Amino acid sequence: MKVRVKALIDKMAAPAEDPIPLLTPYKMGKFNLSHRVVLAPLTRQRSYGNVPQPHAVLYYSQRASDGGLLIAEATGVSDTAQGYPQTPGIWTKHQVQAWKPIVDAVHAKGAIFFCQIWHVGRVSDSVYQPNGQAPISSTDKPLTPQIRSNGIDVAQFTPPRRLRTDEIPHIVNDFRLAARNAIEAGFDGVEIHGAHGYLLEQFMKDKVNDRTDEYGGSLENRCRFALEVVEAVVDEIGADRVGIRLSPFAEYAECGDTNPKQLGHYMVNALNKYGILYCHMVEPRMKTVGEKTQCPHSLLPMRKAFNGTFIAAGGYDREDGINTVAENRADLVAYGRWFLANPDLPKRFSLNAPLNKYNRETFYISDPVLGYTDYPFLDEETNDVAIEGRN
């Protein structure tokens, strides 16, 4: 009896297990996060007519947890910003109203919700443009047809029209108004999409930008447009509500740079002047969607240079995320495909539970349920097993 009592006392006196770094609390500006697993912005192409739909209420609320951070799918800032079917916008009152119940449902779960605002630039076709006009870009260089991220469809692109210098302030203003609309819809803040070969990156990267005005040539000139967008958005909604996503090393949509390290470093140092909340950067190893490659480059110099919260993304699994936070290589880690397929991803990570496999073929279909809100939760799977066991 004495031995058993001693064993019980020893167990009670034993130190608690070390917390999992990825699941520890974090203060991001004025937002108190309960863990560091972020829902990455994921295009899902289920916003019919560029208007968010009621089924998105369930989709986002499924992935919301108390103190979790969610970043909404890329959302167009204007009618020229579109490049894919059924992607949402936030430039009309109707769109703002449609976002409100989605944001409310996420907040009801205690989560923080940011809206990613974007303009695709030349990654478009005239069918998505007002009056069938040419897409706009930093350049008039066309984009060759690309296999879409689902690995199946081939996307065709209309040759773009180079923006005139005097038109650029109007696009900056579109981002400003989109940020204002996002706050009106109830979002906690916005993430400016400056990654993945879209408009801001078309200006930043020297393999695309062939301008001879003050928005082309030198690194400072090429980054001018993106930083004007940041400044306008900060002035509109406050730096404590603004993040940006960057992918200096990636070459999505034929958008590469001859010195990505210099570009990334210049941008984070410039961003520090505006005091924005976070910088969300894509790992150098992610050359294309879903394809990790060996890479000698690191985000660490950018992480060290940036003063705010640093979010890393790009092919992370649970162990990668734990190590990244433990080694202080990022404050937060964004998950895309795994969060898409596992609405309760933070819980699964905390229990080291098995993960649902994702189905790439349903990533971009327009079905409001299939591959969208029908991925099971861990407790649903447990119940299924229990029911099968009783039969």
Side-chain angles (χ1 to χ4, degrees), residues 74-84 87 91 116-126 128-130 133-146 155-179 191-233 244-268 270-271 281-282 287-288:
T75 301
V77 299
S78 70
D79 58 357
T80 67
Q82 306 300 307
Y84 302 86
T87 53
W91 71 88
Q116 190 190 63
I117 52 176
W118 75 337
H119 194 301
V120 301
R122 70 174 184 166
V123 188
S124 188
D125 185 284
S126 56
Y128 302 117
Q129 295 296 315
Q133 66 193 37
I136 55 176
S137 181
S138 62
T139 180
D140 56 9
K141 285 188 286 195
L143 192 56
T144 55
Q146 313 262 312
Q156 303 286 339
F157 306 102
T158 303
R161 176 179 70 80
R162 188 194 310 271
L163 274 167
R164 298 192 314 273
T165 308
D166 66 328
E167 291 178 296
I168 292 173
H170 299 291
I171 310 300
V172 172
N173 195 49
D174 287 339
F175 275 91
R176 183 182 67 79
L177 293 174
E191 175 176 291
I192 298 163
H193 199 343
H196 293 174
Y198 298 117
L199 185 62
L200 270 61
E201 235 193 29
Q202 290 159 32
F203 274 81
M204 283 188 270
K205 292 191 170 178
D206 62 8
K207 289 185 182 178
V208 179
N209 187 336
D210 55 1
R211 303 178 72 89
T212 56
D213 63 358
E214 62 263 42
Y215 292 94
S218 69
L219 180 60
E220 183 181 12
N221 281 358
R222 284 184 278 117
C223 294
R224 188 186 307 276
F225 172 50
L227 293 171
E228 285 179 351
V229 167
V230 170
E231 184 173 15
V233 170
I244 191 168
R245 194 177 213 202
L246 300 171
S247 60
F249 297 97
E251 298 193 359
Y252 295 91
E254 298 172 2
C255 200
D257 193 82
T258 53
N259 195 337
K261 209 178 283 187
Q262 184 188 29
L263 171 61
H265 218 266
Y266 177 84
M267 278 299 293
V268 293
L271 291 167
M281 205 168 266
V282 179
K287 287 291 183 189
T288 59

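We number each residue from 1, following the sequence as shown. Note that the structure is a prediction, hence the values are computed from the model and not measured.
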- Is the closest side-chain heavy-atom distance between Met267 and Leu227 below 4.5 Å? yes
- Closest non-hydrogen atom pair between Pro248 and Pro260, with its separation: O-CB, 3.1 Å
- Task: State, yes or no, whether a side-chain contact exists between Arg224 and Phe203 at a heavy-atom distance under 4.5 Å.
- Result: no
- Task: Go through the steps to decide whether Thr87 and Val120 satisfy the test side-chain contact (heavy atoms from CB on, under 4.5 Å), and finish with yes or no.
- Result: CA-CA 11 Å; Thr87 53; Val120 301; over 6 Å; no
- Item | Worked check of side-chain contact (heavy atoms from CB on, under 4.5 Å) between Asp257 and Met204 | CA-CA 8 Å; Asp257 193 82; Met204 283 188 270; over 6 Å; no
- Query: Between Thr139 and Ser137, is any side-chain donor less than 3.5 angstrom from a side-chain acceptor?
  - Reply: no
- Message: Tell me the closest heavy-atom pair linking Leu199 and Ser138, and the distance in Å.
- Response: CD1-N, 4.4 Å
- Going through the checks in order, is the side-chain contact (heavy atoms from CB on, under 4.5 Å) test met by Gln133 and Arg161? CA-CA 9 Å; Gln133 66 193 37; Arg161 176 179 70 80; 5.7 Å; no
- Does the side chain of Glu228 come within less than 4.5 Å of Ile168's, by heavy atoms? yes
- Item | Minimal non-hydrogen separation, Ala134 against Pro159, with atom names | CB-O, 3.6 Å
- Please name all residues satisfying side-chain hydrogen bond (donor to acceptor under 3.5 Å, both in side chains) with His193, sequence neighbours left out, ordered by chain then number. none
- Shortest non-hydrogen contact from Gln156 to Pro145? OE1-CG, 3.4 Å
- Hey, what do you get for CD1 (Ile171) to OG (Ser78), rounding to the nearest 0.5 Å? 6.0 Å
- Task: Would you please test Glu214 and Thr165 for side-chain hydrogen bond (donor to acceptor under 3.5 Å, both in side chains) and show each step?
- Result: CA-CA 8 Å; Glu214 62 263 42; Thr165 308; 4.7 Å; no
- Query: Got a sec, which residues hit side-chain hydrogen bond (donor to acceptor under 3.5 Å, both in side chains) with Arg211, two or more places apart in sequence or on another chain?
  - Reply: Asp213
- Does Leu263 reach the side chain of Leu219, with side-chain heavy atoms less than 4.5 Å apart? yes
- Between the CD1 atom in Ile136 and the CZ atom in Arg162, the distance rounded to the nearest 0.5 Å is 13.5 Å
- Identify the residue among Asn209, Leu163, Val123 that makes a side chain to side chain contact (heavy atoms under 4.5 Å, CB included) with Gln202. Val123
- Atom pair NZ (Lys207) and OG1 (Thr258), whose distance is rounded to the nearest 0.5 Å: 7.0 Å
- With side chains defined as the heavy atoms from C-beta onward, is the minimum distance between Val282 and His196 less than 4.5 Å? yes
- Query: How many angstroms lie between CE in Met281 and CG in Leu246, if you round to the nearest 0.5 Å?
  - Reply: 4.5 Å
- Task: State, to 0.1 Å, how close Pro142 and Pro160 come at their nearest heavy-atom pair, and which atoms those are.
- Result: CA-CD, 3.7 Å
- Message: For Gly76 versus Gln82, what's the shortest heavy-atom pair and its separation?
- Response: CA-NE2, 3.5 Å
- Electrostatic pair Lys141:Glu254 at N-O distance under 4.0 angstrom: no
- Message: side-chain contact (heavy atoms from CB on, under 4.5 Å), that's the test. Do Glu251 and Lys205 meet it? Break it down for me.
- Response: CA-CA 10 Å; Glu251 298 193 359; Lys205 292 191 170 178; 5.7 Å; no
- Result for side chain to side chain contact (heavy atoms under 4.5 Å, CB included) between Tyr128 and one of Ser126, Ser124, Pro130 points to Ser124
- What orientation do Trp118 and Tyr84 show, parallel under 30°, tilted 30 to 60°, or perpendicular over 60°? parallel
- Message: Do Asp79 and Trp91 make a side-chain contact, defined as non-hydrogen atoms from C-beta onward lying under 4.5 Å apart?
- Response: yes
